[in-house]
Amino acid sequence: RVPASPLFDAWRDWCEADDAWQQVQKRLRVALLQRLRDDARHRLAAMKQTRRLQTYHDLIDHVANALDGPHRRALVARLRAQYRIALVDEFQDTDERQWQIFARVFGDSHDVRALGELPALFLIGDPTQAIYGFRGGDVATYLAAKHDHATVHADRLTHNFRSRPAGLRAARARYGGADTA
């Protein structure tokens, strides 16, 4: 036999009410944190505007926002008039937002075609060297761009032109006795 008591029903009701109250408190904490975050963003933006400061990310955001705006074709035309070809070296360290800017201004985009221009975008990169994730580099962006937008095969370098033979010999001599285990 299971014992029966009016206390059991009261205890169940109290536990349900406590769970509901905990959920309300959690939602209030989340809402407060979101308001604090939004306020901090607005204050930082106002401070940067007052002091006439822009970060690297601000520049990217402003260009990307302008390319989403009503004067995007005029912006594309001006950029294309000033820079006929874009060559993006170390493309594996480019993030999604940067890639969208390059693709819209110099790639095979609707705005470029509307101007009667041909794509003029060259991407140079190696996904095995995508080491700058802390700066926003995104190897997934590289792979997506290669998959979706590459129109010619990727040429491979047969020689390493970054290191001279004398430099390589010096490095081997210096570290030749180093333990490589």
Side-chain angles (χ1 to χ4, degrees), residues 1-76 78-79 86 88-114 119 121-151 154 181:
R1 285 183 41 96
V2 177
S5 169
L7 181 61
F8 295 157
D9 292 334
W11 179 252
R12 184 197 63 232
D13 293 344
W14 183 88
C15 287
E16 289 173 0
D18 185 57
D19 287 345
W21 175 241
Q22 295 295 328
Q23 290 299 316
V24 167
Q25 286 184 324
K26 183 178 179 180
R27 283 194 303 272
L28 290 171
R29 282 192 302 270
V30 168
L32 175 62
L33 289 174
Q34 289 173 341
R35 283 197 316 269
L36 290 171
R37 179 203 59 210
D38 293 343
D39 183 58
R41 284 181 178 162
H42 292 304
R43 286 175 182 238
L44 179 61
M47 182 192 72
K48 286 194 285 188
Q49 185 175 7
T50 300
R51 295 181 182 179
R52 296 180 180 211
L53 298 173
Q54 284 190 21
T55 66
Y56 177 71
H57 293 291
D58 293 334
L59 294 172
I60 292 169
D61 288 343
H62 293 187
V63 172
N65 291 339
L67 287 171
D68 287 335
H71 306 293
R72 70 180 184 275
R73 285 206 176 136
L75 177 57
V76 169
R78 288 192 71 180
L79 288 170
V88 183
D89 195 13
E90 303 295 345
F91 182 72
Q92 73 274 1
D93 297 324
T94 301
D95 67 24
E96 176 66 23
R97 194 124 197 218
Q98 293 165 338
W99 163 238
Q100 291 303 320
I101 291 169
F102 288 124
R104 289 181 74 176
V105 176
F106 296 101
D108 189 18
S109 70
H110 296 292
D111 295 324
V112 168
R113 278 186 254 126
L121 179 59
F122 297 90
L123 308 176
I124 301 165
D126 180 355
T128 63
Q129 294 183 13
I131 61 173
Y132 294 112
F134 65 91
R135 281 195 336 213
D138 182 2
V139 73
T141 298
Y142 171 93
L143 296 173
K146 181 179 176 185
H147 179 266
D148 296 340
H149 300 284
T151 57

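The residues of the chain are indexed from 1 along the displayed sequence. These numbers come from the heavy atoms of this one structure, side chains and all, not from hydrogens, waters or symmetry mates. Just so you know, these numbers come straight off a predicted model, no measurement behind them.
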> What's the spacing between Phe106 CZ and Phe122 CZ if we round to 0.5 Å?
Replying inline: 12.0 Å
>> My understanding is that only residues two or more places apart in sequence, or in another chain, count here; which of them pass salt bridge (charged side-chain N to carboxylate O under 4.0 Å, His left out) with Arg113?
In response: Asp108
>> What's the separation between atom CG in Asp58 and atom CG in Leu53, rounded to the nearest 0.5 Å?
In response: 9.0 Å
> Rounded to the nearest 0.5 Å, how far does CG of Asp13 lie from CG of Asp18?
Replying inline: 12.5 Å
>> Please evaluate residues Leu59 and Thr55 with respect to the criterion side chain to side chain contact (heavy atoms under 4.5 Å, CB included), reporting the C-alpha separation (whole Å), side-chain torsions for both, the decisive distance (0.1 Å), and the verdict.
In response: CA-CA 6 Å; Leu59 294 172; Thr55 66; over 6 Å; no
>> For Val105 versus Val112, what's the shortest heavy-atom pair and its separation?
In response: O-CG2, 3.2 Å
> For atom CD of Gln49, is the number of surrounding heavy atoms from other residues, nucleotides or ligands below 6.0 Å larger than 12?
Replying inline: no
Residues 25-45 side chain polar contacts: donor-acceptor under 3.5 Å, at least two apart:
| from | atom 1 | to | atom 2 | distance (Å) |
| --- | --- | --- | --- | --- |
| Asp39 | OD2 | Arg43 | NE | 2.8 |

> Do other residues, nucleotides or ligands put more than 12 heavy atoms under 6.0 Å from His62 NE2?
Replying inline: yes
>> Quick one, Thr141 and Trp99 - any side-chain contact, counting heavy atoms below 4.5 Å?
In response: yes
> Considering all heavy atoms of both residues, which atom of Val88 and which atom of Leu121 are nearest to each other, and what is their separation?
Replying inline: CG2-CD1, 4.1 Å
> Are a donor atom and an acceptor atom from the side chains of Gln98 and Gln100 found within less than 3.5 Å of each other?
Replying inline: no
>> Can you give me the closest heavy-atom contact between Leu123 and Ala145, atom names plus distance?
In response: CD1-CB, 4.4 Å
> Where do Asp9 and Arg12 land on the side chain to side chain contact (heavy atoms under 4.5 Å, CB included) test, with the steps shown first?
Replying inline: CA-CA 5 Å; Asp9 292 334; Arg12 184 197 63 232; 3.3 Å; yes
Would you be so kind as to tabulate the donor-acceptor pairs closer than 3.5 Å made by side chains of residues 65-74, with sequence neighbours excluded?
| from | atom 1 | to | atom 2 | distance (Å) |
| --- | --- | --- | --- | --- |
| Asn65 | OD1 | Arg97 | NH2 | 2.9 |
| Asn65 | ND2 | Asp61 | O | 3.1 |
| Asp68 | OD1 | Arg104 | NH1 | 2.6 |
| Arg72 | NE | Asp111 | OD1 | 3.2 |
| Arg72 | NE | Asp111 | OD2 | 3.4 |
| Arg73 | NE | Asp111 | OD1 | 3.0 |

